[in-house]
2 protein chains.
Amino acid sequence: MADVTAKRRGRPPAGGREAILKAALELLRERGISRLTTREVAARAGVSEASVFYHYRDRAGLLREAFAEGLGPLVALKDAGAVSGPDRRKVLKRLGEAIERFLEQALPVLTAAQSDAELAEELAAYMRENDLGPHRGVRILGEYLAEQQRDGLIRADIDPEAVASMFVSTCLTRAFQATMRLPKRSLPPLSAVIDSLDRMLEPGGGPPPV
Amino acid sequence: MADVTAKRRGRPPAGGREAILKAALELLRERGISRLTTREVAARAGVSEASVFYHYRDRAGLLREAFAEGLGPLVALKDAGAVSGPDRRKVLKRLGEAIERFLEQALPVLTAAQSDAELAEELAAYMRENDLGPHRGVRILGEYLAEQQRDGLIRADIDPEAVASMFVSTCLTRAFQATMRLPKRSLPPLSAVIDSLDRMLEPGGGPPPV
DNA sequence: GTCTATAGGTTGATAGAC
DNA sequence: GTCTATCAACCTATAGAC
């Protein structure tokens with residue numbers, strides 16, 4: 001949130017603050033929030049425990065910034081996906097994989113916050129304010145599908161946003177599976193989902209019944 | 001796991017054990033796992049703290065049983081859904097709502113375990129052994145769709161399991177949204193999803209393009 | 001089976017020197 | 001900004017009486 005471009009006066013920071021945040025995020029993803037003690041964070045960051053409190057005031061303050069940091073990449077999701085072009089299957093593949101990648105980073109952070117009701121409510125408020133959540137992906141894909149629908153590339157009798165929510169949800173489930181340490185292969189591969197969905201979206205409908 | 005039907009000898013249990021488990025599960029869902037201390041559990045259950053250790057050996061033992069208890073209703077999912085009949089929309093609605101209801105109870109438990117890497121791995125092993133997870137719902141719905149497909153009620157050019165995973169995932173996302181204390185209405189309603197999906201599954205395909 | 005009392009250990013946070 | 005030293009609070013778990 002700070003202005004990185006402005007020239008700084010005085011002694012440049014030693015990087016302790018960033019090291020602490022990085023250590024906290026690593027610990028959060030690797031060992032879970034209950035093992036994220038200020039002691040461990042300090043040890044991994046290579047600073048003393050008091051530094052943690054100097055920079056972030058208290059444990060909750062550190063967690064708050066770690067959550068925001070962990071959810072950050074979501075902002076760049078739209079550009080990364082490059083959700084445009086006539087090749088629908090390609091768009092679905094690109095966007096789907098991008099969502100999945102992002103969620104595999106973000107879900108551990110989201111679930112970690114649920115360990116404490118207060119933390120969870122605080123994070124939820126932050127997400128509501130910044131309009132974060134699965135609906136973001138749904139909206140991005142929904143707009144693309146609506147555009148294709150206007151161009152007659154998608155059948156007219158479906159709700160683009162509803163279909164988008166199905167696809168984004170599929171990616172979420174896959175990322176969820178991975179986050180919960182369950183085997184992804186117990187679910188059908190994303191390519192199969194894209195296959196079927198693409199056919200069902202075709203304007204002419206499927207082949208005539210046998 | 002104990003045989004409830006067998007007649008018991010001796011003094012009947014006072015119900016302390018059950019009260020403790022119930023209190024633990026409540027605390028888990030209401031306030032998160034980090035506030036689930038043996039003190040609080042004992043207080044809410046109306047017993048002494050030592051009773052908790054007498055019945056469950058240690059905190060981990062209590063959590064293990066609470067997790068199993070919280071995931072229990074999944075077993076009854078198939079029967080509850082009554083996944084059969086020619087009215088596809090009705091089946092989707094019933095099953096979808098059942099999955100959503102179940103997950104809104106189970107997700108808090110699943111996410112709670114993620115607070116500690118060891119706990120998470122232990123729960124994951126339990127779920128793998130007992131074949132639990134989102135794929136269960138996918139399989140149930142997939143079989144129903146495959147059956148409809150054989151009967152010519154669903155277009156032949158789609159993968160039933162892939163479509164099933166999309167629908168089940170939609171329910172999971174909705175439950176996830178609720179668990180994370182985010183507004184469900186930022187997602188399209190389930191009825192809209194069922195609407196579009198049902199049309200896309202129709203054997204003849206959609207109406208001819210304008 | 002349930003209780004009281006307490007040991008033993010970990011954690012978040014502060015004070016004050018450098 | 002960073003450190004060492006320290007504290008008060010809290011938690012899990014055990015011992016032993018009833």
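The chains referred to below are lettered A, B, ... by the order of the sequence lines, with proteins before strands, and numbering in each begins at 1. All values below were derived from every heavy atom in this structure, side-chain atoms included, with hydrogens, water molecules and symmetry-related copies excluded.
- In this structure, A/Thr37 does not reach the C/dT10 phosphate: none of its side-chain N or O atoms is under 4.0 Å from OP1 or OP2.
- In this structure, A/Glu49 places its CD atom 12 Å from P of C/dT14, rounding to the nearest Å.
- Distance, A/Glu40 CD to C/dA13 P: 16 Å, rounded to whole Å.
- Contact annotation: A/Tyr54 does not reach the phosphate of D/dT2 (side-chain N/O to OP1 or OP2, under 4.0 Å).
- What separates CZ of B/Arg39 from P of C/dT4 is a distance of 13 Å, to the nearest Å.
- Atom P of nucleotide C/dG12 and atom NE2 of A/His55 are separated by 18 Å, given to the nearest angstrom.
- In this structure, OH of A/Tyr56 is placed 15 Å from C1' of D/dT2, rounded to the nearest angstrom.
- A close approach under 4.0 Å does not occur between any side-chain nitrogen or oxygen of A/Ser48 and OP1 or OP2 of D/dT2.
- Rounded to an integer number of Å, the gap from CD of B/Glu18 to P of C/dG1 is 10 Å.
- The environment of CZ in A/Arg89 is crowded: more than 12 heavy-atom neighbours from other residues, nucleotides or ligands sit within 6.0 Å.
- Judged by a 6.0 Å distance limit and a 45° cone about the ring axis, B/Arg17 is positioned over the six-membered ring of B/Tyr56.
- For C/dT11, neither phosphate oxygen OP1 nor OP2 lies less than 4.0 angstrom from any side-chain nitrogen or oxygen of A/Thr38.
- Atom CZ in B/Phe53 sits about 16 Å away from atom C1' in C/dG1, given to the nearest Å.
- A cation-pi arrangement is absent between B/Arg88 and B/Tyr144 under the rule of less than 6.0 angstrom and at most 45 degrees off the ring axis.
- Here the nucleotide nearest the side chain of A/Ala50, chosen from D/dT12, D/dT14, D/dC3, is D/dC3.
- Rounded to an integer number of Å, the gap from B/Asp116 CG to D/dT12 P is 13 Å.
- Heavy atoms of other residues, nucleotides or ligands lying less than 6.0 angstrom from CD of B/Glu121 number more than 12.
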